[in-house]
Amino acid sequence: MIDTPSEQILFPAIEPYQSGMLPVDELHTLYWEECGNPSGIPVLFLHGGPGGGLTAKHRRFFDPAYYRIVLFDQRGAGRSTPLGEYRNNTTQLLIADIEHLRQMLGIEQWLMFGGSWGSTLALAYGQAHPERCTGFVLRGIFLCTRPEIDWFLNGIKWFFPEAHAQFTASISQHEQDDLLLAYQKRLFSPDPAVYLPAARTWSRYEGSCLFLRPDSDAVEQFSSEAVSLGLGRLEAHYFLNNGFFTEDQLIRNVDRIRHLPAVIVQGRYDIVCPPLSAYRLHEAWPQAKFHMIADAGHAATEPGTAAALVVAIEQFKTKGSFD
């Protein structure tokens with residue numbers, strides 16, 4: 001395995017050529033940025049979480065000479081304000097935000113690129129607005145079903161018992177049967193002395209399970225207030241509301257986007273979003289190309305996954321489709 005995959009596989013670091021803050025209602029203002037070629041083919045990067053936010057590395061999956069790369073922090077995430085705000089925060093509002101951003105930037109159609117929750121939102125947006133999408137690059141599939149949510153809260157302990165033990169250490173014994181309810185009480189407390197430690201513990205739990213091989217830097221990043229408050233609060237909020245979907249909605253509505261080119265990239269040893277969801281999506285959408293990465297977990301920057309994503313983006317550049 002390459003020690004520094006991002007430096008050897010991804011495109012060189014770039015800075016935005018423009019960025020801004022977009023008010024979307026009386027409560028939320030979104031950070032957005034554009035990189036690459038202002039006259040290029042538009043691609044929208046959708047970050048994970050919910051609440052995960054952007055990093056500079058997210059710009060680097062795309063050839064900046066060819067693509068007009070649009071990125072934004074979703075409601076309550078990253079540099080959007082207020083950080084960790086769960087009010088006025090639903091999937092339907094995020095879809096409306098994407099349309100608001102598209103119209104503001106004067107983009108007719110764009111390629112959807114998203115991993116984890118970003119794959120969820122890409123599918124949801126595409127199914128709501130298929131005419132605005134040119135295709136999909138999806139990684140680490142999360143369909144936001146009850147079994148997947150239960151897996152995150154309880155099933156991960158079969159592979160990461162020590163991380164799960166830390167996740168539940170502050171939860172009293174009589175609350176252990178419903179960890180989501182227990183965290184709801186803490187994460188949505190008005191007291192920062194209660195919600196900040198709970199958010200940090202939730203976020204560290206996820207950060208500890210991302211990689212096939214441990215990455216201490218990721219755990220520390222996920223422990224920061226800038227990441228943990230958005231991630232902890234918003235993941236719990238969306239889990240409590242089943243992602244604001246009806247059961248298996250994203251599978252049932254695949255027909256709306258079946259005609260569009262798509263590729264699914266999935267880590268074989270993804271513990272956060274296990275491969276069954278990607279497999280189910282491909283079963284429902286056999287027209288989408290499917291690549292199971294034999295030596296990868298959940299993170300987009302693991303060598304095999306990063307390479308497959310870059311190859312897919314390059315294929316779309318030259319062919320408008322995927323192999």
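For Phe62, the ring pair (Phe, Tyr, Trp, His ring centres under 6.0 Å) criterion is met by Phe113, not counting sequence neighbours. With sequence neighbours excluded, the residues that form a side chain to side chain contact (heavy atoms under 4.5 Å, CB included) with Asp178 are Leu180, Leu181. Applying the salt bridge (charged side-chain N to carboxylate O under 4.0 Å, His left out) test to Glu148 and every residue at least two apart in sequence or in another chain returns nothing. Residues forming a side chain to side chain contact (heavy atoms under 4.5 Å, CB included) with Pro214 (at least two apart in sequence, or on another chain): none. Listed by chain and residue number, Trp202, Tyr205, Phe239 satisfy the ring pair (Phe, Tyr, Trp, His ring centres under 6.0 Å) test with Phe152 (two or more places apart in sequence, or in another chain). Under the rule for a side chain to side chain contact (heavy atoms under 4.5 Å, CB included), the partners of Phe159 that lie at least two apart in sequence or sit in another chain are Trp151, Ile271. Applying the salt bridge (charged side-chain N to carboxylate O under 4.0 Å, His left out) test to Asp25 and every residue at least two apart in sequence or in another chain returns Arg75. Residues satisfying the ring pair (Phe, Tyr, Trp, His ring centres under 6.0 Å) test with Phe188, not counting sequence neighbours, are Tyr86. Taking the salt bridge (charged side-chain N to carboxylate O under 4.0 Å, His left out) definition, one finds that Lys289 meets it with nothing, sequence neighbours left out.
Between Glu33 and Arg79, some side-chain heavy-atom pair lies under the 4.5 Å cut-off. Side-chain contact between Arg186 and Ile171: present, with at least one pair of heavy atoms (C-beta onward) separated by less than 4.5 Å. Between Leu27 and Arg87 there is a side-chain heavy-atom pair separated by less than 4.5 Å. Proximity of Pro16 to Arg59: side-chain heavy atoms (C-beta onward) are separated by under 4.5 Å at one or more points. Using a 4.5 Å cut-off on side-chain heavy atoms (C-beta onward), Leu138 and Ile141 make contact. Two residues are said to be in side-chain contact when any heavy atoms from C-beta on lie closer than 4.5 Å; Trp285 and Phe136 meet this criterion. When side chains are defined from C-beta on, Ile69 counts as touching Ile14, because their heavy atoms get closer than 4.5 Å. At least one side-chain heavy atom of Leu143 sits under 4.5 Å from a side-chain heavy atom of Arg280.
Judged by distance alone, with hydrogens and angles left aside, the side-chain atoms of Gln176 form a donor-acceptor pair with the main-chain N or O of Thr168 at under 3.5 Å. Remark: side-chain polar atoms of His282 are not paired, donor with acceptor, to backbone N or O of Val263 under 3.5 angstrom. One N or O on the side chain of Ser80 and one on the backbone of Tyr31 form a donor-acceptor pair closer than 3.5 Å. Judged purely by atom type and a 3.5 angstrom limit, Arg213 has no side-chain atom pairing as donor or acceptor with the backbone of Gly297. No side-chain donor-acceptor contact under 3.5 Å links Asn242 to the backbone of Tyr238. Formation of a donor-acceptor pair under 3.5 Å by the His298 side chain with backbone atoms of Val272 is not found in this model. In terms of modelled atom types and a separation under 3.5 Å, the side chain of Glu302 and the main chain of Ala299 share a donor-acceptor contact.
For the side-chain hydrogen bond (donor to acceptor under 3.5 Å, both in side chains) condition, the pairs that include at least one residue of residues 314-323, sequence neighbours left out, are Asp63-Lys317, Glu314-Lys317, Gln315-Asp323, Lys319-Asp323. Contacts classified as ring pair (Phe, Tyr, Trp, His ring centres under 6.0 Å) and involving residues 249-270 (residues at least two apart or in different chains) are not found.
The two residues Asn89 and Gly76 make their nearest non-hydrogen contact at ND2-N, 4.2 Å. Across every non-hydrogen atom of Asn37 and Ser39, the tightest pair is OD1-N, 2.9 Å. Across every non-hydrogen atom of Pro275 and Asp270, the tightest pair is CD-O, 3.8 Å. Taking both residues in full, the closest heavy atoms of Ser228 and Ala199 are given as O-CB, 3.4 Å, listed atom of the first, atom of the second, then distance. When all heavy atoms are compared, the tightest approach of Arg258 to Ala284 is NH1-O, 2.7 Å. Taking both residues in full, the closest heavy atoms of Ala278 and Gln266 are given as CB-OE1, 3.3 Å, listed atom of the first, atom of the second, then distance.
Using a 4.0 Å cut-off between charged nitrogen and carboxylate oxygen, Lys185 and Glu175 count as a salt-bridge pair.
Linking Ile, Leu, Val, Met, Phe, Trp and Tyr residues whenever their side-chain heavy atoms come within less than 4.5 Å leaves Trp32 and Leu54 in two separate clusters. Follow the hydrophobic side-chain contacts under 4.5 Å out from Phe45 and you reach Leu10 in the same cluster. Linking Ile, Leu, Val, Met, Phe, Trp and Tyr residues whenever their side-chain heavy atoms come within less than 4.5 Å places Leu260 and Ile107 in a single cluster. Note on Phe160: it does not cluster hydrophobically with Leu212, by side-chain heavy-atom contacts below 4.5 Å among ILVMFWY residues. Linking Ile, Leu, Val, Met, Phe, Trp and Tyr whenever their side-chain heavy atoms come within less than 4.5 Å puts Val24 and Leu94 in one cluster.
A donor atom on one side chain and an acceptor atom on the other are found under 3.5 Å apart for Trp117 and Gln74. For the residue pair His28 and Thr81, no side-chain donor N or O sits within less than 3.5 Å of a side-chain acceptor on the partner.
Remark: Thr305 OG1 to Phe61 CZ distance equals 9.0 Å, nearest 0.5 Å. Taking CD1 of Ile95 as the reference point, atom NE2 of His100 lies at 16.0 Å (rounded to 0.5 Å). Atom CG in Leu210 sits 8.5 Å away from atom OG1 in Thr301 (nearest 0.5 Å). Going from atom CG of Leu229 over to atom CD of Glu85 covers 9.5 Å, rounded to the nearest 0.5 Å. Atoms CD1 and CG, on Ile98 and Leu93 in that order, are 11.5 Å from each other to the nearest 0.5 Å. The distance from atom CZ of Arg233 to atom OH of Tyr195, rounded to the nearest 0.5 Å, is 5.0 Å.
Annotation: Phe316 is in aromatic contact with Phe322 [ring centroid separation under 6.0 Å]. The aromatic ring centres of Tyr66 and Phe11 sit 6.0 Å or more apart.
Within a 6.0 Å radius of OH in Tyr279, other residues, nucleotides and ligands contribute 12 heavy atoms or fewer. Surrounding CZ of Arg146 are more than 12 heavy atoms belonging to other residues, nucleotides or ligands, all under 6.0 Å away.
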- Give the C-alpha distance, both sets of side-chain angles, the deciding distance and a yes or no for side-chain hydrogen bond (donor to acceptor under 3.5 Å, both in side chains) between Ser224 and Arg200. CA-CA 7 Å; Ser224 69; Arg200 188 171 293 111; over 6 Å; no

Atom pairs and distances, side-chain donor-acceptor, residues 121-134, under 3.5 Å, sequence neighbours left out:
residue, atom, partner, partner atom, Å
Tyr125, OH, Glu99, OE2, 2.6
Tyr125, OH, Trp110, NE1, 3.3
Gln127, NE2, Leu250, O, 2.8
Arg132, NH1, Glu108, O, 3.3
Arg132, NH1, Glu108, OE1, 3.2
Thr134, OG1, Trp110, O, 3.4
Thr134, OG1, Leu111, N, 3.2

